[in-house]
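What follows is a set of notes on a single structure, which appears directly below.
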Amino acid sequence: VYFILGAIGRIDSVRFALKENLTLRVAAIKALGRMGGVAKEAVPDIISCLDNEDTMDAAAEALGVLKDPLAVDALFKNGLVIQRQGGEFPASFKNSLEEIGDPATDYLLNILEDASTGKDYDKEKAQIAEEVLGWVNSYALKDFRRKLAYQRSLPQRQRFWRYVHNIFYFAMAIVLLAGVIEALRN
């Protein structure tokens, strides 16, 4: 069925099929994914299928193929809801976020940045974002962790260098004072 819908090549007819019975909805979602870039205008319709257990995997797959950054927020938030309800963050959602690439990485990094600065601290959301980012872009996650570790160590480094600075000036004062005393003796 979805080959026929995709072969038609008309977005309107395929989008219309999203409102039909389950079999036709899944076929329409797959057809939109196969249509590629011409189906970008249907992204909001596909996103609306993410919150249905029967259509979410097909919708996630189609969104990954279309690589539309608009899908990133919906994929993460719907996956977050599923995990908070005791399920697993769907692998199809992770795969789609990975396919979308940099916009998904940036989105997940923003969640982690907000959590690390206290701007939006939702521990569970941050943990899930970290897990998903590890799947989507493990290099970006490693860089984020390094950056965070460096930022957290900064106050200690600053105290150390202030201490070294103070010792240096104290030593210079002693040398200067010794020179003054020596000059006064002569």
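For the single chain, residues carry numbers from 1 onward in sequence order.
Residue pairs satisfying the side chain to side chain donor-acceptor pair (under 3.5 Å) criterion with at least one member in residues 50-60, sequence neighbours excluded, are listed as follows: Asp57-Ser92. Counting only residues at least two apart or in different chains, ring pair (Phe, Tyr, Trp, His ring centres under 6.0 Å) contacts with residues 163-186 comprise His165-Tyr169.
Here the shortest heavy-atom pairing between Ala59 and Cys49 reads CB-CB, 3.9 Å. The two atoms that bring Ile47 and Ala71 nearest to each other are CD1-CA, 3.8 Å, heavy atoms only. Scanning all heavy atoms of the two residues, the minimum distance from Asn95 to Trp135 falls at OD1-CZ2, 3.2 Å. Of all heavy-atom pairs spanning Val26 and Ala58, the tightest one is CG1-CB, 4.1 Å. Of all the heavy atoms in Ala140 and Leu109, the pair that sits closest is O-CD2, 4.1 Å. Taking each heavy atom of Ile100 and Asp68 in turn, the nearest pair found is CD1-O, 3.8 Å.
Of the possible polar contacts, one joining the Lys40 side chain to the Leu66 backbone as a donor-acceptor pair under 3.5 Å is found. A donor-acceptor pair is defined here as one N or O able to donate and one able to accept, closer than 3.5 Å; no such pair exists between the side chain of Asn137 and the backbone of Leu133.
The closest side-chain heavy-atom distance from Glu61 to Glu99 is not below 4.5 Å. At least one side-chain heavy atom of Leu141 sits less than 4.5 Å from a side-chain heavy atom of Arg145. Side chains of Tyr107 and Leu97 form no contact here, defined as non-hydrogen atoms less than 4.5 Å apart. Between Phe76 and Ile128 there is a side-chain heavy-atom pair separated by less than 4.5 Å. In this structure, the side chains of Phe93 and Leu50 come closer than 4.5 Å at one or more pairs of heavy atoms.
Under a 4.0 Å N-O distance rule, the pair Lys94/Glu88 does not qualify as a salt bridge.
Connection of Val43 to Val65 is not established within any shared hydrophobic cluster, with ILVMFWY side chains joined at heavy-atom distances below 4.5 Å, either directly or through further cluster members. A continuous path of Ile, Leu, Val, Met, Phe, Trp and Tyr side chains, each step under 4.5 Å between heavy atoms, connects Phe144 with Val136, placing both in one hydrophobic cluster.
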Could you give me the CA-CA distance, side-chain angles and deciding distance for Val81 and Gln85, then say whether side-chain contact (heavy atoms from CB on, under 4.5 Å) is met?
-> CA-CA 6 Å; Val81 167; Gln85 292 173 346; 3.6 Å; yes

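Among Asp114, Ile111, Leu112, the one residue that satisfies the side chain to side chain contact (heavy atoms under 4.5 Å, CB included) test with Lys125 is Ile111.
To the nearest 0.5 angstrom, Leu177 atom CG is 13.0 Å from Met172 atom CE.
Residues passing the salt bridge (Lys or Arg N to Asp or Glu O under 4.0 Å) test with Asp73 are Lys77, sequence neighbours excluded.
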